[in-house]
Asks: 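Take this structure first; my questions come after.
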Amino acid sequence: MPRITWDDPGTRLYHTGTDRGILYVNSAVTIWSGLASVTEAPSGGSLQPFYLDGRKILNSSAVEDFAATIQAFSAPTVFNPCIGRSRLSQGLYAANQPKAPFNFSYRTLIGNDLVDIDYGYKIHLVYNAVAKAADNVHTTDADTPSVKTYSWDVATYPVSIAGYKPTSHFIFDTRYVQPYIIGRLEAILYGDDNHDPRMPTPDEVSTLLISPPDSNWWDLTGNIDFPPEALIGDMGLDFSTGDVYYDMSPDSGAYWWDLTGDLDFPPEALVNDWGYDTVTGEVWKNTG
């Protein structure tokens with residue numbers, strides 16, 4: 001094994017900025033323009049030490065809940081019920097009312113020393129949030145006016161996810177997830193030509209990374225064929241071209257079609273040909 005080195009090109013990472021804030025209140029999906037920051041501040045999780053015969057033998061952590069502080073120059077109108085402001089009539093709101101829960105999503109950017117902030121990003125999904133407005137100080141104008149920001153403390157309650165402890169915070173790191181999966185998630189969150197934007201259910205989130213059943217996925221970028229250990233029925237993806245392949249017996253004669261955004265196979269497709277949607281990750285077989 002070669003000696004380890006430090007500060008190799010491309011390894012100097014940094015995290016900066018937040019953008020693409022989206023607010024989901026009931027069925028309303030609204031862009032959060034003016035989002036300035038999201039400060040993640042989980043609560044709980046304190047360590048409980050255990051001793052035996054005078055020696056510490058275990059540190060057990062308590063349950064941790066996701067909490068945050070959202071800071072923005074403004075908030076969408078649909079956020080009013082979330083901070084206890086109920087609409088009485090056009091332009092008239094009553095404060096100190098029951099607060100509606102909401103979901104929201106945002107991105108945090110990742111950069112390195114080679115490509116700056118284009119290196120990658122994380123998509124954060126937050127469920128079952130309840131907000132409390134911080135103190136707002138309104139001051140008179142002066143000869144050096146400043147732009148006021150507002151902030152809201154956010155608490156959450158977790159949702160169940162099979163095989164894991166309940167959580168209200170999911171993070172997708174684009175550096176480690178296949179592009180078609182990120183495309184599928186963003187199509188759900190931000191919408192596309194055929195679908196309205198929405199917050200995915202926790203079950204959808206937990207299954208986004210699962211490959212089609214009975215298939216192994218192979219990275220075929222720059223390769224001309226599957227590796228020898230691949231099995232019949234395995235899938236392959238060339239990330240540089242977006243081409244998708246299916247490992248089949250040599251005499252099968254099946255053909256792959258890119259069905260991204262299409263409703264069916266083209267007329268020239270034959271029975272037993274395969275199709276793939278690069279946005280949703282769905283795979284079809286033409287049965288005629």
Asks: Under a 4.0 Å N-O cut-off, is there an ion pair linking E64 with K165?
Replies: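 K165 and E64: not salt-bridged.
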Asks: Do you know which two heavy atoms are closest between F172 and L125, and how far apart they sit?
Replies: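 Answer, listing the atom of F172 first, then L125: CE1-CD1, 4.2 Å.
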Asks: With a 3.5 Å distance limit and no angle check, can you tell me whether N112 reaches the backbone of L114 through a side-chain donor-acceptor pair?
Replies: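 Checking the backbone N and O of L114 against the side chain of N112, a donor-acceptor pair under 3.5 Å is found.
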Asks: Evaluate the side-chain proximity of V159 to F170: yes if any heavy-atom separation is below 4.5 Å, no if none is.
Replies: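 The answer is yes, as the side chains (C-beta and beyond) meet within the 4.5 Å cut-off.
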Asks: Can you confirm whether more than 12 heavy atoms, excluding those of R198, are under 6.0 Å from its CZ atom?
Replies: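 Count over threshold, so yes.
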Asks: Shared ILVMFWY cluster between F104 and Y150, side chains joined below 4.5 angstrom?
Replies: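 Both belong to a single hydrophobic cluster.
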Asks: Could you tell me if the side chain of R175 sits less than 4.5 Å from the side chain of L13, heavy atoms only?
Replies: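 Yes; the side chains approach each other to less than 4.5 Å.
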Asks: How about L185 and I123: do any of their side-chain heavy atoms sit closer than 4.5 Å?
Replies: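 The answer is yes; the side chains approach within 4.5 Å.
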Asks: Please determine whether residues Y119 and I117 belong to a single hydrophobic cluster, defined as Ile, Leu, Val, Met, Phe, Trp and Tyr linked transitively by side-chain heavy-atom distances below 4.5 Å.
Replies: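 Unlinked, Y119 and I117 end up in two clusters.
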Asks: Closest approach of L23 and V78, non-hydrogen atoms and distance?
Replies: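 Nearest heavy atoms, L23 then V78: CD2-CG2, 3.7 Å.
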Asks: Using side chain to side chain contact (heavy atoms under 4.5 Å, CB included), reason through F66 and T167 one step at a time and then give a plain yes or no.
Replies: CA-CA 8 Å; F66 178 81; T167 182; 6.0 Å; no
Asks: Around Y164, counting heavy atoms of other residues, nucleotides and ligands shown, do more than 12 lie under 6.0 Å from its OH?
Replies: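 No - once you tally the heavy atoms of other residues, nucleotides and ligands closer than 6.0 Å, there are 12 at most.
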Asks: Between Q97 and A95, is there a donor-acceptor pair closer than 3.5 Å when you use the side chain of the first and the backbone of the second?
Replies: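 Present.
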Asks: With a 4.5 Å limit on heavy-atom distance, are the side chains of R87 and N80 in contact?
Replies: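 In short, these two side chains do not touch, never coming nearer than 4.5 Å.
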Asks: Looking at CD1 of I161 and OG of S168, how far apart are the two atoms once the value is rounded to the nearest 0.5 Å?
Replies: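 The distance works out to 11.5 Å.
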Asks: Are any of the side-chain heavy atoms of N128 and N103 separated by less than 4.5 Å?
Replies: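 Yes, their side chains come closer than 4.5 Å.
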Asks: Decide, yes or no, whether a salt bridge links R55 with D53 under the criterion of side-chain N to carboxylate O below 4.0 Å.
Replies: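 Salt bridge between R55 and D53, a charged N being under 4.0 Å from a carboxylate O: no.
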Asks: Using the side-chain hydrogen bond (donor to acceptor under 3.5 Å, both in side chains) rule, take T5 and D8 through it: C-alpha gap first, then chi angles, then the decisive distance, then the call.
Replies: CA-CA 7 Å; T5 59; D8 292 332; 2.7 Å; yes
Asks: State whether the side chain of D219 and the backbone N or O of T221 hold a donor-acceptor pair below 3.5 Å, judged by distance alone.
Replies: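 Yes, D219 side chain to T221 backbone: donor-acceptor pair under 3.5 Å.
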Asks: Centroid separation under 6.0 Å, is that true for the rings of F102 and Y24?
Replies: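 For Y24 and F102, the ring centres are not under 6.0 Å apart.
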Asks: Indicate, with yes or no, if F50 and L52 share a hydrophobic cluster defined by side-chain heavy-atom contacts under 4.5 Å among Ile, Leu, Val, Met, Phe, Trp and Tyr.
Replies: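 Yes; tracing contacts between hydrophobic side chains, which count when under 4.5 Å, links both residues.
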Asks: Among I83, L88, T77, exactly one meets side chain to side chain contact (heavy atoms under 4.5 Å, CB included) together with Y93. Which residue is that?
Replies: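 Considering I83, L88, T77, a side chain to side chain contact (heavy atoms under 4.5 Å, CB included) with Y93 is found only for T77.
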Asks: Report yes or no: does D113 contribute a side-chain atom to a donor-acceptor pair with the main-chain N or O of G10 at less than 3.5 Å?
Replies: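 Yes; at least one donor-acceptor contact below 3.5 Å.
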Asks: Less than 4.5 Å apart, any side-chain heavy atom of T156 and any of Y127?
Replies: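 Side chain of T156 against side chain of Y127, heavy atoms only: no contact under 4.5 Å found.
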Asks: Indicate whether the side chain of T108 and that of H124 have a donor and an acceptor atom separated by less than 3.5 Å.
Replies: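 Yes, a side-chain donor-acceptor pair sits under 3.5 Å.
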Asks: With a sphere of 6.0 Å drawn around CG of N96, does it hold more than 12 non-hydrogen atoms of other residues, nucleotides or ligands?
Replies: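 Check fails, neighbour count at 12 or below.
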Asks: Does T69 form a side-chain hydrogen bond (donor to acceptor under 3.5 Å, both in side chains) with D153? I'd like the steps, not just the answer.
Replies: CA-CA 4 Å; T69 298; D153 294 327; 3.1 Å; yes
Asks: Looking only at heavy atoms, what is the nearest atom pair of W152 and A133, with distance?
Replies: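 Minimum heavy-atom separation between W152 and A133: CD1-CA, 3.6 Å.
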Asks: Assess whether salt bridge (Lys or Arg N to Asp or Glu O under 4.0 Å) is satisfied between R107 and D19, documenting all intermediate values.
Replies: CA-CA 5 Å; R107 296 196 319 174; D19 64 2; 2.9 Å; yes
Asks: Yes or no on side chain to side chain contact (heavy atoms under 4.5 Å, CB included) for K122 and I110, after CA distance, side-chain angles and deciding distance?
Replies: CA-CA 8 Å; K122 296 179 181 179; I110 305 171; 3.9 Å; yes
Asks: Can you tell me if K99 uses its side chain to pair, donor with acceptor, with the backbone of A131 under 3.5 Å?
Replies: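 Yes, because the side chain of K99 sits within donor-acceptor range (under 3.5 Å) of the backbone of A131.
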Asks: What pair of heavy atoms forms the shortest contact from V154 to A129, and how long is it?
Replies: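 That closest heavy-atom pairing would be CG1-CB, 3.5 Å.
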Asks: Would you check if V205 and P200 make a side-chain contact, meaning some heavy-atom pair closer than 4.5 Å?
Replies: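 In contact.
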Asks: Does a side-chain heavy-atom distance below 4.5 Å link P49 with K56?
Replies: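 Heavy-atom side-chain distance check passes, below 4.5 Å.
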Asks: Quick one: does any side-chain atom of E186 pair with a main-chain N or O of G183 as donor and acceptor, under 3.5 Å?
Replies: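 Such a contact is absent between E186 side chain and G183 backbone.
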Asks: Looking at every heavy atom in both P202 and S160, which two are closest together, and how far apart are they?
Replies: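 That would be CB-O, 4.1 Å.
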Asks: Side chains of T149 and Q71: donor-acceptor distance under 3.5 Å anywhere?
Replies: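 Yes, because at least one side-chain N or O of T149 sits under 3.5 Å from a partner of the opposite role on Q71.
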Asks: Is there a path of hydrophobic side-chain contacts, each under 4.5 Å between heavy atoms, that joins I31 and I70?
Replies: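 I31 and I70: separate clusters.
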Asks: About how many Å separate OH of Y121 and CG of D173, when rounded to the nearest 0.5 Å?
Replies: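 Going from CG on D173 over to OH on Y121, the span is 10.5 Å.
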Asks: Between V25 and Y190, is there shared hydrophobic-cluster membership here, with clusters defined by ILVMFWY side-chain heavy atoms closer than 4.5 Å?
Replies: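 Cluster IDs for V25 and Y190 differ.
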Asks: Is there a ring pair (Phe, Tyr, Trp, His ring centres under 6.0 Å) between Y106 and W32? Walk through the geometry before answering.
Replies: CA-CA 9 Å; Y106 58 98; W32 196 321; over 10 Å; no
Asks: Which heavy atom in P197 sits nearest to a heavy atom in L189, and how many Å separate them?
Replies: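 Reported closest heavy-atom pair: CB-O, 3.2 Å.
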